[in-house]
Amino acid sequence: MKLAFDIALRFLKSSKGQTALIVLGIAIGVSVQIFIGSLITGLQKSLVDKTVGSAPQITVSAKEDGDYILDSQTEIKAIKAANPAEITNLVAVTQGPAILKTTDQSTTVILRGFAWDDAQGIYKIADRVVKGELGTNKNEVIIGKDLSENLNVKIDDTIEMITPTGKTGEFLVTGFFDLQVKSLNESWILTNDGTAQTFLETGEGVSQIEMQVKDVFAAGEVAMAVEKRLNNDNLVVTNWKEENAALLSGLSGQTASSLMIQVFVLISVVLGIASVLAISVVQKSRQIGILKAMGMHNPIASLVFLFQGFLLGILGAFVGIGLGIGLSWSFATFVTNPDGSSLVPFYIDWYFIGISAGIAVAASTLAALIPAIRVSQLDPMEVIKNG
Amino acid sequence: MDNFVVEVKGVSKVYGKAIKTVALHELDLGFTTGSFNAIIGESGSGKSTLLNIIGTLDRPTKGEVIINGVSIRNMSKRRLADLRNETLGFVFQFHYLLPEFTALENVLMPYRIANGKADKESQKRAKQILNLVGLEKVEKNLATNMSGGQQQRTAIARALMNQPKIMLADEPTGNLDSQTTDSIYQLFRKINQELGTTFIIITHDRRVAEKADRIVEILDGRISLDIVK
């Protein structure tokens, strides 16, 4: 074993140019894998984060429109218990449509009320307030920045809203928010839970319970677990994946195409190593022949070449990781949006890099298998007869 | 019965399937322990084939080879390899040193094939052998950085490393000048006398052969002459 390793190492060292060439070949393969993998993963992460990062990923609501979840605390407990490891940022939302009236205009809005602290998880609402502050007192609301512009509403103005049932109420605007989605900024009016429950006459009831999950792609399974746990025909559980099928199919298309590229890169790396090692067998056949004549067993002679493949793989993987990370970093740093932020954020997934490196090492060793088999078939007589 | 360390009984070797070429015709030959033998013959006479069969590198078409009293007929490739490693030393016309290794490392190779790692003891022995062949000064040189005579002497030292009972040499001085040739034969003799190693040497140089204890001449695959001095 040790001898085979030493001979392999010496063979590689003695033909440095050839070794460097194969290592570079493997390294480029690995770096392309890491680069493309990181790029796609980074792209998907930022895309998913932008799409559902600040939105509920699972929503539990009443089956009938206009019905309410009456005992929200009990339901929240049950939801949490369904998958405590995945479910985070639970918030009970009371919402309903209303007509907003100012002195000269009116528009349809959605009044949403929740405990500000709970809403911080999903909506990071405190960070979204661009002017003024959260309305914590009765009948205080914050409105979207676009709505404020449309209606020319200022902080400390009072606005009037009418529910579909005809109830009217006056509210004090304490701040403006910006959720970075124009349609929400134009239609949402946010308030504390007490104000919404009183105005919308839901009593203790809430309209829906929203939550996020740690692994956004597991939302489907978690939603199913929640549904099972709640076991209530009057409630429906929806998740973001159901509502974003187009995005998901885009993402899986991306994943599949990046996988394709990686597979072909891998095949070319394997072929490269196999062919160079095959040539190396011819180059070293004299040495192998004499080693066998001196009593080296066939498996050990084969091992010499497997070790060469293995060593080349390790070297190539290391260089490739460096190159790949460098490439990803350069791309994230130098390919930027007009505002200077990177087009695709720099993202390193060590697990993925580990797998890429592992595959490269395994593939290199595997590529050495053909030369290794050829070596075990080499008859020392051939070498000695032919010089 | 003679004390044969190597014995071939009725050994034939036929090459080719469609057109058969007979290289050896039912040869019977034995070599006694500690003897110094020369095999001569013209090229194509079958002498190298015989040596390769004795060295277990080639298998006879018919007949039997007995080394150290044991027939090799039914030995596995693995056992044959071990036998070559422990009992036989090879020196060929070409030195076949590993160019990636130094003289000392080349000499240690047969030991490492058997034992994996070279311990202090074996390193010491390898140095002694290099001393014996007069190469102590170049032991750290790569095989490629030595003269032809030095390379061949390194190959001889390597063949001696595992203290083989039998040394098989196929034209060991074929590529060397006459002065180096003489020094190598003197070395062979010295080893033969000091270590009791049996030598079977192929040569086409009659002058060299005459220094042996026994000369066997092969002609067209048959023994045409067998002189014991």
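Order of the sequence lines sets the chain letters (A, B, ...), proteins ahead of strands, with each chain counted from 1. Keep in mind that what you see is a predicted model, and the values were worked out from it rather than measured.
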field: Worked verdict on B/Val8 versus B/Glu64 for side-chain contact (heavy atoms from CB on, under 4.5 Å)
entry: CA-CA 6 Å; B/Val8 295; B/Glu64 199 173 9; over 6 Å; no

field: Salt bridge B/Glu136-B/Lys127, side-chain N to carboxylate O under 4.0 Å
entry: no

message: Taking A/Asp379 first and then A/Lys292, would you say they form a salt bridge - that is, a charged N and a carboxylate O separated by under 4.0 Å?
response: no

task: Tell me the residues of residues 304-333 of chain A whose non-hydrogen atoms fall below 4.5 Å from those of chain B, in number order.
output: none

- prompt: Using a heavy-atom distance cut-off of less than 4.5 Å, which residues of residues 8-24 of chain A contact chain B?
  reply: A/Arg10, A/Phe11, A/Ser14

Determine the minimum heavy-atom distance between [X] and [Y], stating which atoms define it.
{"X": "B/Pro60", "Y": "B/Val11", "answer": "CB-CG1, 3.7 Å"}
{"X": "B/Thr203", "Y": "B/Ala209", "answer": "CG2-CB, 4.1 Å"}
{"X": "A/Lys214", "Y": "A/Ala85", "answer": "NZ-O, 3.2 Å"}

Residue A/Ile300 versus chain B: region with a heavy atom under 4.5 Å: neither

- prompt: So how far is it from B/Ile223 CD1 to B/Leu24 CG, rounded to the nearest 0.5 Å?
  reply: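 With rounding to 0.5 Å, CD1 (B/Ile223) is 9.5 Å from CG (B/Leu24).
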
Verify whether one side chain among [X] and [Y] offers a donor that lies under 3.5 Å from an acceptor in the other.
{"X": "B/Thr180", "Y": "B/Asp177", "value": "yes"}
{"X": "B/Glu100", "Y": "A/Gln287", "value": "yes"}
{"X": "A/Gln44", "Y": "A/Thr41", "value": "no"}
{"X": "B/Glu171", "Y": "B/His204", "value": "yes"}

query: What residues of residues 49-58 of chain B sit under 4.5 Å from chain A when only non-hydrogen atoms are counted?
result: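 When heavy atoms of chain A are the reference, residues 49-58 of chain B contributes B/Asn52, B/Leu57, B/Asp58 within the under-4.5 Å range.
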
- prompt: In residues 71-80 of chain B, which residues are in contact with chain A at a heavy-atom separation under 4.5 Å?
  reply: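 B/Lys77, B/Arg78, listed by number.
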
query: So B/Phe92 and B/Phe90, would you call those rings parallel, tilted or perpendicular, with 30° and 60° as cut-offs?
result: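 B/Phe92 and B/Phe90: parallel rings.
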
message: Check whether B/Arg84 reaches the backbone of A/Ala293 with its side chain - one donor and one acceptor, N or O, closer than 3.5 Å.
response: yes

- line: Of B/Asn162, B/Val70, B/Asn68, B/Asp82, the one forming a side chain to side chain contact (heavy atoms under 4.5 Å, CB included) with B/Thr87 is B/Asn68

- prompt: Side chain, backbone, both or neither: which part of B/Glu105 has a heavy atom under 4.5 Å from chain A?
  reply: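 It is the side chain, since no backbone atom gets that close.
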
Mark yes when over 12 heavy atoms from residues, nucleotides or ligands other than [X] sit less than 6.0 Å from its [atom1]; otherwise mark no.
{"X": "B/Asp119", "atom1": "CG", "result": "yes"}
{"X": "B/Lys165", "atom1": "NZ", "result": "no"}
{"X": "A/Phe264", "atom1": "CZ", "result": "no"}

